[in-house]
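What follows is one structure encoded as structure tokens, with my remarks underneath.
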Amino acid sequence: MTQPIWGPVQQEMSDLLQRHPDDVPGVVDLLARLQVALCRVPPLLDSNPLADFNKLYLTITENVLERLYAGKFKDPAFLARLDVEFAARYFDALRYWTEGSPACPGVWAGLFCRIPGPDARALPSAVAGVNAHINFDLPFALVTTFDHLGSDPVDGSDQHHDYLQVNDIFAEEIPGLRRGYLDRWQLLIDTMNGDLDDWWQGEMVEYTRNVAWRNAQKLWAIRHDLGALDKERRRLDGTATGLGKLLLSPFGSFLQ
């Protein structure tokens, strides 16, 4: 008999993934519940690579929710809808993987297949998840969001301003999150590097999210051409999958 993908939490994962949050508090709640379940997946438990990414994603989304409650965004309806559409693509990928569906994007499958270990490392795993979610999921989530709200992805708009504000959240959270993935000796090297690593990773997140915005604008222009849209989807998945393999390779260990 084939071992269930999620081991002893197979049914729990299946039940959780039947949920489809329609607001940001619901997204935070599902991410938190997934984190509890993921940390019980053998053999790596809370050291499995998906738990490393999910923890980061939960922290960032909690910060987004706090800013929504504090009225920090110019167009909160846009940011809230984007958050929901963005998370839905991650949850869908998890659901496809759980069901053994070929619809699971290649970039996510490349991370999910590392869950049994033993060569997954925390920081490269988390970064590989960020790669999948931003380089592949985010452009499509933006298109779905703009289509839902009946507006366009225009540079300099209130929506673009709010989108860029999320970069500030990453900049605030990256130092603490990154150090949480490091061993004691790595923390010593990190201290010697000063703010260099934090600055570099913040710049990479900003660059990657800017590319995702540009890709969303391209997708928006062809959104009614299903053939062209599918071709672009395969291209983005292929590019992100290649980068994910690099991040999860021995070379990626230099990140940690």
Side-chain angles (χ1 to χ4, degrees), residues 20 24 27 53 56-57 60-61 64 73-97 101-112 127-171 200-248:
H20 298 270
V24 183
V27 170
F53 165 72
L56 181 154
Y57 189 21
I60 297 297
T61 308
V64 169
F73 297 107
K74 292 184 175 182
D75 188 345
F78 162 76
L79 213 290
R81 173 49 54 182
L82 176 59
D83 193 279
V84 170
E85 298 291 347
F86 192 32
R89 301 190 68 84
Y90 169 54
F91 299 145
D92 284 347
L94 273 172
R95 191 176 302 110
Y96 292 142
W97 184 255
S101 169
C104 182
V107 64
W108 278 118
L111 177 60
F112 295 160
V127 175
V130 171
N131 162 61
H133 209 27
I134 294 181
N135 284 324
F136 180 66
D137 289 342
L138 185 52
F140 294 99
L142 280 163
V143 169
T144 306
T145 298
F146 281 112
D147 187 59
H148 177 85
L149 297 176
S151 53
D152 300 289
V154 178
D155 292 353
S157 62
D158 286 350
Q159 292 84 8
H160 191 212
H161 172 273
D162 290 345
Y163 177 82
L164 294 177
Q165 190 179 151
V166 177
N167 294 344
D168 298 336
I169 296 176
F170 274 96
W200 176 79
Q201 291 182 1
E203 289 293 304
M204 284 303 298
V205 168
E206 182 174 346
Y207 171 78
T208 303
R209 294 188 80 253
N210 285 341
V211 171
W213 177 269
R214 298 299 175 206
N215 281 329
Q217 290 176 320
K218 294 177 184 177
L219 293 172
W220 184 255
I222 61 171
R223 66 191 184 281
H224 299 306
D225 185 337
L226 297 183
L229 196 62
D230 183 63
K231 181 179 180 180
E232 189 65 11
R233 178 181 289 106
R234 285 186 278 109
R235 185 188 71 81
L236 290 174
D237 190 16
T239 300
T241 298
L243 180 55
K245 288 180 179 178
L246 179 63
L247 292 168
L248 292 169

Exam field: side chain [X] to backbone [Y], donor-acceptor pair closer than 3.5 Å:
{"X": "Asn215", "Y": "Asn135", "value": "no"}
{"X": "Ser157", "Y": "His160", "value": "yes"}
{"X": "Asp152", "Y": "Phe146", "value": "no"}
{"X": "Arg223", "Y": "Trp220", "value": "yes"}
{"X": "Asp162", "Y": "Lys74", "value": "yes"}
{"X": "Tyr163", "Y": "Arg209", "value": "yes"}

Side chain to side chain, [X] and [Y], heavy atoms closer than 4.5 Å:
{"X": "Val84", "Y": "Thr145", "answer": "no"}
{"X": "Leu142", "Y": "Phe78", "answer": "yes"}
{"X": "Leu79", "Y": "Val166", "answer": "yes"}
{"X": "Phe91", "Y": "His20", "answer": "no"}
{"X": "Glu232", "Y": "Leu236", "answer": "yes"}
{"X": "Val130", "Y": "Leu56", "answer": "yes"}
{"X": "Tyr96", "Y": "Phe112", "answer": "no"}
{"X": "Leu111", "Y": "Trp108", "answer": "yes"}

Can you tell whether the side chains of Arg234 and Asp230 come within less than 4.0 Å, N to carboxylate O? yes

Please name the pair of heavy atoms, one in [X] and one in [Y], separated by the smallest distance, quoted to 0.1 Å.
{"X": "Leu138", "Y": "Ala212", "result": "CD2-CB, 3.8 Å"}
{"X": "Trp97", "Y": "Ala109", "result": "CZ3-CB, 3.7 Å"}
{"X": "Gly106", "Y": "Thr241", "result": "C-OG1, 3.3 Å"}
{"X": "Ala128", "Y": "Leu247", "result": "CA-CD1, 3.8 Å"}
{"X": "Phe140", "Y": "Phe136", "result": "CD1-O, 3.1 Å"}
{"X": "Ala141", "Y": "Arg89", "result": "N-CD, 3.9 Å"}

Please identify each residue that fulfils side-chain hydrogen bond (donor to acceptor under 3.5 Å, both in side chains) with Arg214, with sequence neighbours left out. Asp155, Gln217

Does a donor on one side chain and an acceptor on the other come within less than 3.5 Å for Gln159 and Asp75? yes

Rounded to the nearest 0.5 Å, how far does SG of Cys104 lie from CG of Asp92? 10.0 Å

If you round to the nearest 0.5 Å, how far is OH of Tyr90 from NE2 of His133? 8.0 Å

